Asks: 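Have a look at the structure that comes next, please.
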Amino acid sequence: MEDDYHCMAVTLRHDGARILAVESAMERAPWSTCPGAPVVLAATFTGTLLAEAVQRGAKQANCTHLHDLALLAAAHAADRAALTYDIRVSDPVDGLCHAEIARDGATLLTLAHRDDVLVAPEAAAGASLFKLRPWIQSLPDGLQEPARLLQWGTILGHGRSLPAEGQNDASRMPPNCYTFQEERKHVAQRIGQVLDFTRGERQPLDHLTADGFLRRED
């Protein structure tokens with residue numbers, strides 16, 4: 001996963017049924033405490049059956065992005081071909097924001113929201129961006145996963161429009177991820193490189209190795 005503020009990857013080692021090891025890479029992360037999260041992710045999922053990964057919970061104790069990637073990897077552990085999701089989220093104009101998700105280059109779903117209230121698709125109009133479960137569950141099985149990812153990516157897109165000075169104090173945040181737990185949020189410092197992909201100089205994850213992993217810096 002890569003966006004303006006994050007570049008992360010999760011690899012699950014498994015025997016076809018059970019997760020034997022969990023490897024995480026954090027090339028870019030927004031807080032000084034984030035690099036501790038891979039240890040918690042490994043403890044959460046190692047030894048878990050692939051089919052039961054989604055039942056493990058503990059999302060808020062983890063980096064939520066690594067946790068979501070682990071669940072996505074578990075869901076596709078038996079795939080024989082590579083799968084790529086691209087999520088595009090516009091900057092808001094007069095409060096209106098458009099977003100879409102494509103799988104292997106083909107657009108699957110679009111949405112639009114004004115100040116976090118959906119105006120499209122019609123079936124979800126009036127719903128909060130943060131409470132889309134009824135709409136997602138109403139979709140065919142093959143669209144529920146991309147719909148969850150579209151919601152996730154659209155929420156992540158908020159970071160582009162938040163003033164920088166409002167993103168530097170983790171102590172004010174609710175305990176909804178690894179860094180924002182009480183024992184860490186008071187010492188967390190804002191760090192990390194922020195990239196603006198709208199400039200067109202590079203594309204997210206364009207530096208993957210040939211086998212699909214982030215290049216590791218020694």
Side-chain angles (χ1 to χ4, degrees), residues 1-12 21-46 53-54 56-74 85-92 97 99 116 128-131 148-199 201-208 213-218:
M1 181 202 81
E2 184 166 28
D3 68 354
D4 298 47
Y5 299 91
H6 311 85
C7 185
M8 304 175 177
V10 172
T11 301
L12 302 184
V22 181
E23 302 169 8
S24 303
M26 278 190 167
E27 188 172 283
R28 289 189 297 119
W31 298 96
S32 60
T33 47
C34 292
V39 174
V40 178
L41 191 79
T44 299
F45 289 106
T46 301
V54 72
R56 287 289 292 139
K59 183 170 181 176
Q60 292 186 338
N62 278 273
C63 164
T64 57
H65 310 311
L66 293 182
H67 192 279
D68 285 337
L69 289 173
L71 294 184
L72 189 62
Y85 280 112
D86 291 299
I87 304 169
R88 300 177 179 88
V89 183
S90 74
D91 290 331
C97 177
D116 297 333
S128 166
L129 176 63
F130 299 92
K131 297 180 179 180
R148 287 192 297 270
L149 294 175
L150 179 58
Q151 179 190 30
W152 171 34
T154 307
I155 292 171
L156 277 175
H158 282 79
R160 288 178 52 86
S161 59
L162 293 175
E165 58 272 15
Q167 302 184 58
N168 294 325
D169 186 0
S171 67
R172 299 183 300 173
M173 302 299 292
N176 53 15
C177 75
Y178 173 84
T179 280
F180 298 153
Q181 295 302 308
E182 189 66 27
E183 63 270 27
R184 293 182 201 95
K185 66 181 183 179
H186 297 286
V187 298
Q189 300 294 317
R190 190 75 182 199
I191 60 169
Q193 181 186 20
V194 178
L195 301 179
D196 186 352
F197 291 101
T198 62
R199 299 179 184 275
E201 297 166 358
R202 57 171 291 186
Q203 295 295 311
L205 298 178
D206 61 3
H207 57 301
L208 286 180
F213 295 99
L214 295 178
R215 292 192 179 94
R216 295 173 183 254
E217 299 293 337
D218 295 328

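Because the structure is predicted, anything quoted here is derived from the model rather than measured. Note: hydrogens, waters and symmetry copies are ignored here, and every other heavy atom, side chains too, is used.
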Asks: Determine, step by step, whether T179 and M173 satisfy the side chain to side chain contact (heavy atoms under 4.5 Å, CB included) criterion, reporting the C-alpha distance in whole Å, the side-chain angles of both residues, the deciding distance to 0.1 Å, and the verdict.
Replies: CA-CA 9 Å; T179 280; M173 302 299 292; over 6 Å; no

Asks: How far apart are the C-alpha atoms of W152 and H65, what are their side-chain angles, what is the distance that settles it, and do they pass the side chain to side chain contact (heavy atoms under 4.5 Å, CB included) test?
Replies: CA-CA 9 Å; W152 171 34; H65 310 311; 3.4 Å; yes

Asks: What's the spacing between R28 CZ and I191 CD1 if we round to 0.5 Å?
Replies: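 One gets 11.5 Å once the value is rounded to the nearest 0.5 Å.
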
Asks: When you measure from the side chain of R56 to the backbone N and O of F45, does any donor-acceptor pair fall under 3.5 Å?
Replies: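 A pair under 3.5 Å: no.
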
Asks: Parallel, tilted or perpendicular for F130 and H158, by the 30°/60° rule?
Replies: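 F130 vs H158 ring planes: tilted.
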
Asks: What is the minimum heavy-atom distance between N176 and Q181, and which atoms define it?
Replies: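 In this case the closest contact between N176 and Q181 is N-NE2, 4.4 Å.
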
Asks: Could you check if a side-chain atom of L71 sits within less than 4.5 angstrom of a side-chain atom of K59, using non-hydrogen atoms only?
Replies: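 No, side chains not in contact.
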
Asks: Which heavy atom of L41 sits nearest to which heavy atom of S24, and what is that distance?
Replies: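 Looking at all heavy atoms of both residues, the closest pair is CD2-OG, 3.3 Å.
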
Asks: For the CG atom of D68 and the CG atom of L149, what is their distance to the nearest 0.5 Å?
Replies: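 Result: 8.0 Å between the selected atoms.
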
Asks: Sub-3.5 Å donor-acceptor pair from the side chain of E2 to the main-chain atoms of L205, do we have one?
Replies: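 Yes: the side chain of E2 pairs with the backbone of L205.
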
Asks: Looking at every heavy atom in both V22 and A42, which two are closest together, and how far apart are they?
Replies: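 For V22 and A42, the tightest heavy-atom pair comes out as CB-CA, 3.9 Å.
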
Asks: Counting distance only, does the side-chain N/O of D116 pair as donor-acceptor with the main-chain N or O of L129 below 3.5 Å?
Replies: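 It does not hold such a pair.
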
Asks: Determine whether W31 and Q189 make a side-chain contact, defined as any pair of heavy atoms from C-beta on separated by less than 4.5 Å.
Replies: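 Answer no - side chains too far apart.
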
Asks: Okay, side chain of H67, backbone of G57: is any donor-acceptor separation there less than 3.5 Å?
Replies: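 Such a contact is found between H67 side chain and G57 backbone.
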
Asks: Considering non-hydrogen atoms only, spot the tightest contact between A58 and T44 and give its length.
Replies: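 Reported closest heavy-atom pair: CB-CG2, 4.2 Å.
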
Asks: Hey, could you give me the CD/CG distance between Q151 and L156, rounded to the nearest 0.5 Å?
Replies: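 Those atoms lie 10.5 Å apart.
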
Asks: Judged by atom type as modelled, is there a donor-acceptor pair below 3.5 Å linking the side chain of K185 to the main-chain atoms of P175?
Replies: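 No.
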
Asks: Quick one: are C63 and M8 in side-chain contact, heavy atoms under 4.5 Å?
Replies: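 In contact.
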
Asks: Do Q203 and F197 touch side chain to side chain, with heavy atoms closer than 4.5 Å?
Replies: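 Q203 does not reach F197 side chain to side chain.
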
Asks: Distance check, rounded to the nearest 0.5 Å: D4 atom CG versus Q193 atom CD?
Replies: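 Reported to 0.5 Å precision, the distance equals 11.0 Å.
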
Asks: As an exercise, state the distance from OH of Y85 to CG of L72, rounded to the nearest 0.5 Å.
Replies: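 Rounded to the nearest 0.5 Å, the OH-CG separation comes out at 6.5 Å.
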
Asks: Do P204 and D3 have side-chain heavy atoms sitting under 4.5 Å apart?
Replies: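 Answer no - side chains too far apart.
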
